[in-house]
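Since the structure comes first, as structure tokens, the remarks are kept for the end.
Here is how names work: the chains are called A, B, and so on, in the same order as the sequence lines, proteins then strands, and each is numbered from 1.
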Amino acid sequence: MNAPLIGARIERKEDYRFLTGAGQYTDDVTLPGQTHAVFVRSPHAHATLKSIDKSKALKAPGVLAVFTGEDLKVGGLPCGWLITDVNGQPMKEPVHPSLAQGKVRHVGDQVAVVIAETLDQAQDAAGLVEVDYGVLPSVTSTDKARAKGAPQLHEIAPDNTCYVWAIGDKAACDAAFSKAAHVTKLDLVNNRLIPNAIEPRAANGMYSRADDSYTLYVASQNPHVERLLMTAFVLGLPEHKVRVVAPDVGGGFGSKIYLYAEDVVVTWASKQINRPVKWTCERSESFVSDAHGRDHVTTVELAMDKDGKFLGMRVKTTANVGAYLSTFASCVPTILYATLLAGQYTTPVIHCEVTAVFTNTVPVDAYRGAGRPEATYVVERVVEQAAREMKLDPAEIRRRNFIKTFPYQTPVALMYDTGDYEATLSAAIKMADVAGFPARRKASEAKGKLRGLGYAAYIEACGIAPSNIAGALGARAGLFEAGEVRMHPTGSCTVFTGSHSHGQGHETTFAQVVADRLGLPIESVDIVHGDTSKILFGMGTYGSRSIAVGGTAIYKALDKIIAKGKKIAAHLMEAAETDIEYDRGVFKVAGTDKQKTIGEVSFAAYVPHNYPLDKLEPGLNENAFYDPTNFTFPAGSYVCEVEIDPDTGVTKIEKFTAVDDFGNIINPMIVEGQVHGGLTQGIGQALLEGCKYDPESGQLITGSYMDYTMPRADDVPNYQVDTRVTACTHNPLGVKGCGEAGAIGAPAALMNAITDALQVYGINDLPMPASPQTVWKTIQNAKQKKAA
Amino acid sequence: MSIKVSMTVNGKPVSAQVEERTLLVTLIREELRLTGTHVGCDTAQCGACTVHMNGKAVKSCSMVAMQAEGANIVTIEGIAAADGTLHPMQAAFKENHGLQCGFCTPGMVMNAIDLAKGNPNLTETEIREGLEGNLCRCTGYHNIVKSIAAGAKAMAK
């Protein structure tokens, strides 16, 4: 038997191939007879398509086909979540065509596809497709979408409104506010982000006449969902005739969850030309075609009694969903956002109203955190501001309001199963040396600098989700996960999972879970994911659900392996099944020294010479579907310390401390890596990244790495991270998930630190990203105001 | 117009017919099928395509194949020992969890080896500044910095 593998820092099994260039990403797949596709995209934010002339392009060297919306008459790209508005009406779902039908609605909207023998030929010919556009006025900004006279995107959505949705008891909330000793109010913008996984999206579709089947290689986080949506809703193909393979995928962060137009087009086109069709996104193209994230405009009010105890919270948010509804666009600013507004606090009544608006921008969907960073930003910014106004220590106001007993039913639908918010907060305070902050602030001031410290105590709902609850809330799919454990005759093991790894390290983490339970060396366990032809089913990876849902499905399959193994072992050792005890790979007859290993039991199952064939099938291969009974609730406390140069506006992060509770941890090395990555994306949002559209033309101004500021190595600090554990109560591993936490908690902590530093000027808010120019300007404005 | 280019790639002489506009990275990926070198952007910003040309780290997306005529090119596939043993910098990335999705990794490793050559005691600041031309969206750089510091020390041994 091995040393325990759960909780061990095991180097990753997948690293060797990535480090030697042997990874296989979608663009690395080249099929016999490969052709190449290039999309013609709208250069306008809003226009009618008056005519498309493809004759010149068709005559260009190497061109095999040019297709437009006239050729591709299939279903629209579906939205997977129905939101019902405040009047009981379904959200407005305008058709989302894979190739434009009569109109384009954002810069980058796909108009035509050119397919040629080589990529160069396809690119050259794409420039020859002549499109006559009737340019229309456009609207890109969230808060102007419903303005009087604003250009209308879709006939079925008056005032560009997708839905107005609400949660919580408004009357009770208003009553709480009427009794408040103090109300703190903030107007906040959660800036639009562009996900930017470093591997651009790619898709390679192949049709086989031999059996009328399709194979699609695609950079996807959830190949089965991709197949389901594409076959059932768009192309009307039988599901069993379509295989979707998501091989190595170079980061997703949400942006590769969705069914995209390009995936549909290359699959469809491969039959039309009877050749495989590959499309690989260029980076500048990904800026105008990958789903964006965030983009909320919010007003929040927090009512308190005289001691800073929260009495109620009122939130009004406008969320920009872009030009069309992407796959999960509708649930992000509602179900994944407003339900988290209780945060870690006992706020007894909360009301939130969300208006989702269409604009002439790229569709907006889930991006790392998806709704929960937006909720955390609202809660933690207003709580910090409330502490300032109530003249309370920001840690103290949080402590006064922490939820302390579990399970806890929030006023916004969720039931937290467990947590210990004081534990993470006090650990973070200690690790960040908050006690030494006043001295460090003095030292900064002596150099003419400003120093600030900010907290964020976040919570997230992960392990998405119980299918019945999700269904009641509008989900149009189940949210279980599938796993299969296949013992081989000689004792090694292959595990198939519907979760998909695109950097998270499942091949190691899941192997640790299996090897630990089966008492096998980790080298004897391989994890297979990302191929609908190998894996029985899968809902994929998003919402930090892989270990909590996918890992549990595997765990349940292991239960079945062990249960069957007990029967086999009982037969082999001529004992009663009830006398067999199992511990990490060893079946023992209780009270004796008789035992059989999992390897011996596997061998007997596949070479059943001495086997209870009258009672038991041979073989040792089991699968399980797991549908969770609740979300998981990772939570933590972050402390950020910044130094600002008031003369230049440059903010330097001096310290960033994160103490998280992810429940039990399988591989701390991988978990820390997830936190580091999430923090950097959160810091990116607060300091560097901001998607900007030109309000007049609707052009994307931040359309390349020259214009959109990605965090680089010298923009971020070394992180101090640690964990505290309250085990999840409703899955057998006690795990909660860790993939998004950093991105959820970091922006509020950082902006609280910056506004703390700027309190000398009376500055309580400034927009993200807090670039040097923004900080400097905000300081100048405050100084002028003071002087006036 | 098609032209012939010749160079050494990972120790082997290669030649290919390419167009004048063919990028070095396209030659490496499409003609030579060495797909470990990646393309992550179109503005020479991400560094995923970094290879060694005559011993120096270069971005293979920002030069045409013709410019490498006669050059000695090493790609990520040419870094480990012939028996598959990882180069000390590759090993350091593995030991320090300096990679997640693996897409930026080849470029990171190629740049790191160049950075560490003759610099066994790279400081954190030197490493962070030296990574200015390489983007990673997964790791937050924390463990890449650790990996390169450890790899630089190991390379000097």
_Test side-chain contact (heavy atoms from CB on, under 4.5 Å) on B:K94 and A:R12; report intermediate values, then the result._
CA-CA 7 Å; B:K94 187 168 189 290; A:R12 299 201 319 170; over 6 Å; no
*Report the C-alpha separation of A:L19 and B:T105 in whole Å, then their side-chain angles, then the decisive distance to 0.1 Å, and conclude whether the side-chain contact (heavy atoms from CB on, under 4.5 Å) test is met.*
CA-CA 7 Å; A:L19 282 161; B:T105 307; 3.7 Å; yes
*Would B:E132 and A:R712 count as a side-chain contact (heavy atoms from CB on, under 4.5 Å) if you check the C-alpha gap in whole Å, the side-chain angles of each, and the deciding distance to 0.1 Å?*
CA-CA 6 Å; B:E132 181 60 29; A:R712 291 177 186 269; 3.3 Å; yes
*List the steps and the verdict of side-chain contact (heavy atoms from CB on, under 4.5 Å) for A:Q24 and B:T35.*
CA-CA 8 Å; A:Q24 188 162 63; B:T35 56; 5.9 Å; no
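Nearest heavy-atom pair, A:M669 versus B:H97, reported as atom, atom and distance to 0.1 Å: O-CD2, 3.2 Å. When all heavy atoms of B:D42 and A:S284 are compared, the closest pair comes out as OD2-OG, 2.7 Å. Looking at every heavy atom in both residues, A:Y25 comes nearest to B:F103 through OH-N, 3.3 Å. Here the shortest heavy-atom pairing between B:C101 and A:G251 reads CB-N, 3.3 Å.
Of the listed residues A:I670, A:T30, A:D248, A:D120, the one with more heavy-atom pairs under 4.5 angstrom with chain B than any other is A:D120. The candidate from B:G36, B:C138, B:G133 with the greatest count of non-hydrogen atom pairs under 4.5 Å with chain A is B:C138. Counting heavy-atom pairs closer than 4.5 Å to chain A, the top-ranked of the candidates B:E77, B:Q90, B:R21 is B:R21. Counting heavy-atom pairs closer than 4.5 Å to chain B, the top residue among A:H502, A:E282, A:M706 is A:M706. Interface check for chain A: of the options B:A48, B:C136, B:C41, the most heavy-atom pairs under 4.5 Å are formed by B:C41.
Proximity to chain A is limited to the backbone of B:T139, based on heavy atoms less than 4.5 angstrom apart. Both the backbone and the side chain of A:T20 come within less than 4.5 Å of a heavy atom of chain B. Looking at A:L679, there are no atoms closer than 4.5 Å to chain B (heavy atoms on both sides), in backbone or side chain. Neither the backbone nor the side chain of A:S501 comes within contact range of chain B; no heavy atom of the residue lies under 4.5 Å from a heavy atom of that chain. At a 4.5 Å heavy-atom cutoff, the contact between B:L99 and chain A is made by backbone and side-chain atoms alike. Looking at A:D715, there are no atoms closer than 4.5 Å to chain B (heavy atoms on both sides), in backbone or side chain. Heavy atoms of A:Q674 lying under 4.5 Å from chain B belong to its backbone as well as its side chain. Neither the backbone nor the side chain of A:I683 comes within less than 4.5 Å of any heavy atom of chain B. At a 4.5 Å heavy-atom cutoff, the contact between A:Y705 and chain B is made by backbone and side-chain atoms alike. The contact between A:D27 and chain B is made by backbone and side chain atoms together, counting heavy-atom distances below 4.5 Å. Proximity to chain B (any heavy atom under 4.5 Å) is restricted, for A:V249, to the backbone atoms N, CA, C and O.
Checking A:T680 against B:R137 by side-chain atom types alone, no donor-acceptor pair falls below 3.5 Å.
Side-chain contact check for A:D28 versus B:R29: some heavy-atom pair is nearer than 4.5 Å. A 4.5 Å side-chain heavy-atom check between B:R128 and A:V716 finds at least one atom pair inside the cut-off. Residues B:P106 and A:F18 form no side-chain contact, since every pair of their non-hydrogen atoms from C-beta on lies 4.5 Å or further apart. Using a 4.5 Å heavy-atom threshold, the side chains of B:H38 and A:E199 count as separate. Taking 4.5 Å as the limit, every side-chain heavy atom of B:Y141 sits out of range of all side-chain heavy atoms of A:P717. Considering only heavy atoms from C-beta on, B:L86 comes within 4.5 Å of A:Y16 through its side chain.
Ring geometry for B:H142 versus A:H676: interplanar angle under 30°, hence parallel rather than tilted (30 to 60°).
Atom CG in B:L135 sits 8.5 Å away from atom CG in A:N196 (nearest 0.5 Å). Here the CG atom belonging to A:D714 is positioned 10.5 Å from the CD atom belonging to B:E124, to the nearest 0.5 angstrom.
Side-chain atoms of B:Q100 do not come within 3.5 Å of backbone N or O of A:G505 as any donor-acceptor pair.
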Enumerate, atom names and distances included, each donor-acceptor pair closer than 3.5 Å involving a side-chain atom of residues 107-117 of chain B, sequence neighbours excluded.
from   : atom 1 : to     : atom 2 : distance (Å)
B:N111 : ND2    : B:G130 : O      : 3.2
B:N111 : ND2    : B:N134 : OD1    : 2.7
B:D114 : OD2    : B:A57  : N      : 2.9
B:K117 : NZ     : B:G55  : O      : 2.7

